[in-house]
Amino acid sequence: MGEYISVIVDLPVKQVNKEFTYHVPEEWQDSVHLGRKVIVPFGNQKKDGYVIAKKDKAEVETKDILEVADDIVYFNQELLQVAQWMAEYYQCYLITAIKAVIPSGDLKIKTKRVVELAQSKSATKQKINELKNRAPKQAEVLRYLVDHKADLITTELANKVDTSSGTIRRLADRGLVIYEKKEVKRDPYQNLDFDESNNLDLTSEQEQALNSIMEAVNNNQSQTFLLKGVTGSGKTEVYLQAIDQVLEQGQGAIVLVPEISLTPQTITRFKGRFQEQVAVLHSQLSSGERFDEWRRIKNGEAKIVIGARSAIFAPLSDLGLIIIDEEHETTYKQDDHPKYHAREVAIYRAGLKQAATVLGTATPSLEAYYRTQNEDYQLLELHNRIDDRPMPEVEVVDMREELNRGNRTMFSELLQEEITTRLEEEEQAIVFLNRRGFSTFVQCRKCGYVMRCEDCDVSLTYHSNPPLLHCHYCDHKEKVPDNCPECGSKYIKYFGVGTQKVEEQLNELFPEANIKRMDVDTTRKKGAYRRILSDFKEHKIDILVGTQMVAKGHDFPNVTLVGVVTADTALNFPDFRSSERTFQLLTQVAGRTGRGDKGGEVVVQSYTPEHYSIQLAKEHDYKSFYEQEIASREATSYPPFSKLINFLVSAEDEDKVIKNAHKLGELVRGKIEILENNEIQVLGPVQAPLSKLQGKFRWQLIIKGQELDLLREISDYAVTELRDMSISENVKVSVDVDPLRML
DNA sequence: CGGTATTTTGGG
DNA sequence: CCAAAATACCGA
């Protein structure tokens, strides 16, 4: 068996998106199998390829493979199936899906040279006596090696016995010691200490949830659970104890968390409970570190994987449980191809292995909660916070009234009062605003001209330190002009509020308070993020101002106030999910307070306080929010009542983009007509909400329908046809199945 | 993608 | 009519 192999060639092109058969010369037939990387002749070039099957005979004339690329087994049957599923579901080439599944970057095993005794200890002891007088240093080195089970590199050993590497070299020449290459694993957390922790007592709700999950695990059912628990209700403890039991059965678990929650705090919690059985995978690791963690998982040293989105592809051999924390987070959707959603991949993979999946969140995505209603998922609820702490009191302030009463600042009277009280009581506050920078746009008061990014067509944000205009989409920076580029007037004014301005104004209002800002700008440096959080925890900071970053997952018992400067920012996005986003964000931010025994309060400022996502977030009423929102989705037949595919057409030439977008629309509509389907809707083509990004113009087209298979057929047809047309050269058409953000 | 075979174009 | 340039095709 196995003279021939099926290979997927590393060339992301439609015509090459299929299996190619190669012959394997005798000498490699044992080592070349599924998941190996080979170098093959392709056309008149050499290409990398991945083996996806072995076969006895070839239906076509074959060539020999040229080489075996390395000795890494990149994937097994299970992960290949995951890749194949992704390629089909998300409409990408198999090679693209495979490359998302396997580790990338510099895959080198790191070694160090260690010195070992060449002979037995007793033989060496004799030599020590012989050498003692003639070469005392050499004798000392040998003595050290006899006494210690040393695993030292040459220079370290030399230092230990206070000599130079020459001494050791001489010993090697005499054949008394040997150098050996020894593999080392790069451990990103080797300098951190983890206090061991044990299982905590569970509340009866936690107990029930755990039991349900374990029942599925024990029966090898690929059940998906939605663990809906308010912030601070102890979801993590349920995860930990479920994993504990999964381990006892000899199985492994994957825990996905949003990148932003992958803080030392989270890792400590898991490492504290399971020590070196935990592998961590995230984007901050070097490719070498990631590769070593990947290998620890693959060879069974680590049975628990905690990581961001792509950790769903961890090569665990016996997967029993997948946990997706903060299930509603949009970071679980990959931005580039394959544009997969980790939740969907997880459920597919769990299905292959009869593993259970737990989706944890305080604010389920509409899709997930909907699936509990038709009993696709099983709902597990934690209604109470640990120690029965009450939910924080939320006050919504109508900023229009504030203005009517003559308050022209960005802080309502209530928020100012509350902050004052906190400072007096020596408690802490978080002030949240979903925009960084100082002012969100810069405008000429005479002609109304707004400063925009030349490459992205979005307004530039003014940052005060240093005073520059930033584009938040392409990172372009420029100086603030003295005169309006349009009319030449010098009446340039800054509008809109960003975190820098909030920080500045708070400093003016509360000069005695220690105020810090946490956003992308202040956490760019390595370790800055952790420092700010630990300073805040130790109360070296009274008020923490920040973006999204302050909203996620942290636990600060002394924070008794959260202020939301404007709740409307997300609400005004042109996206059918804007209400959902707003509700989730407000609930998450509110959850940062009232985690200690002093209770907590939230002040939400808004210009549309009557909006249901704000009102129901105030009431902590997810159920009502869900009912209202799901009704609106049903009325407009948006997901979960339909499926969407979004096409993004982009190019540097605006005319071309428009022409192609319209052509795409024609092709799509034509195909729908041929299919005689009157249910599928075509939205667009229209200019994309971000109409120009990094120098490329963008148009989009959405198709909406019940049957994803039909939508894919249409998409496949239209994209293929368009690509074959000469008008589409230098034009990119990107297909997004189940798009999350329509920007 | 990158080469090679095939077709188109336009200058003299 | 020819050769350069644009285009189509193919890979095991």
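None of the values given here were measured: they were computed from a predicted structure. A, B, ... follow the sequence lines: proteins, then strands. Residue 1 opens every chain.
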With a non-hydrogen cut-off below 4.0 angstrom, is Phe42(A) in contact with a base, only sugar-phosphate, or nothing?
base
So, with a heavy-atom separation below 4.0 Å from DNA chain C, the residues of residues 90-97 of chain A are none
Side chains of Asp738(A) and Tyr89(A), donor plus acceptor under 3.5 Å
yes
Do NZ/NE/NH1/NH2 and the carboxylate oxygens of Lys37(A) and Asp10(A) come within less than 4.0 Å?
no
When you measure from every atom of DNA chain B, which of residues 61-75 of chain A have a heavy atom less than 4.0 Å away?
none
Is it the case that Ser728(A) and Lys663(A) place a side-chain donor and acceptor less than 3.5 Å from each other?
no
CD/Gln284(A): more than 12 non-hydrogen atoms of other groups inside 6.0 Å
no
Name the orientation class of the two ring planes belonging to Trp294(A) and Phe291(A) (parallel below 30°, tilted from 30 to 60°, perpendicular beyond 60°).
parallel
I need the residues from residues 4-14 of chain A with at least one non-hydrogen atom less than 4.0 Å from DNA chain B; give them sorted by number, or say none.
Leu11(A), Val13(A)
Once ring-ring contact (aromatic ring centres under 6.0 Å, His included) is applied, what residue pairs with a partner in residues 39-77 of chain A remain, sequence neighbours excluded?
Phe20(A)-Phe42(A), Tyr50(A)-Tyr74(A)
Can you tell me which residue among Arg435(A), Arg436(A), Lys477(A) is in a salt bridge (charged side-chain N to carboxylate O under 4.0 Å, His left out) with Asp521(A)?
Arg436(A)
Donor-acceptor pairs are to be reported for all side-chain atoms of residues 703-711 of chain A against protein atoms at under 3.5 Å, with residues two or more places apart or in another chain.
| residue | atom | partner | partner atom | Å |
| --- | --- | --- | --- | --- |
| Lys704(A) | NZ | Thr636(A) | O | 2.9 |
| Lys704(A) | NZ | Ser637(A) | O | 3.4 |
| Gln706(A) | NE2 | Phe641(A) | O | 2.8 |
| Asp709(A) | OD1 | Arg712(A) | NH2 | 2.7 |

Need one value for Glu59(A): base, sugar-phosphate or nothing, where a base atom within 4.0 Å counts as base even if backbone is also close, heavy atoms only.
nothing
Show every side chain to side chain donor-acceptor pair (under 3.5 Å) that has at least one partner inside residues 671-684 of chain A, sequence neighbours left out.
none
So, Ser365(A) versus Glu580(A): side-chain donor-acceptor pair below 3.5 Å or not?
no
Can you list everything that forms a side-chain contact (heavy atoms from CB on, under 4.5 Å) with Lys46(A)? Sequence neighbours excluded, please.
Ile39(A), Leu66(A)
Residues which pass ring pair (Phe, Tyr, Trp, His ring centres under 6.0 Å) with His662(A), listed by chain and number, not counting sequence neighbours:
Trp699(A)
Just to verify, what does Glu78(A) make a salt bridge (charged side-chain N to carboxylate O under 4.0 Å, His left out) with, not counting sequence neighbours?
Arg349(A), Lys353(A)
Going 5' to 3' on DNA chain C, which nucleotide is the first and which the last to come under 4.0 Å of a heavy atom in chain A?
dC10(C) to dA12(C)
Could you tell me how the ring of Tyr90(A) sits relative to the ring of Tyr340(A): parallel (under 30°), tilted (30 to 60°) or perpendicular (over 60°)?
perpendicular
Per-nt protein contacts along nucleotides 2-10 of chain B (heavy atom under 4.0 Å; B base, S backbone sugar-phosphate only, - none) come out as SSS------
Partners passing side-chain contact (heavy atoms from CB on, under 4.5 Å) against Gln15(A) (at least two apart in sequence or in another chain)
Val13(A)
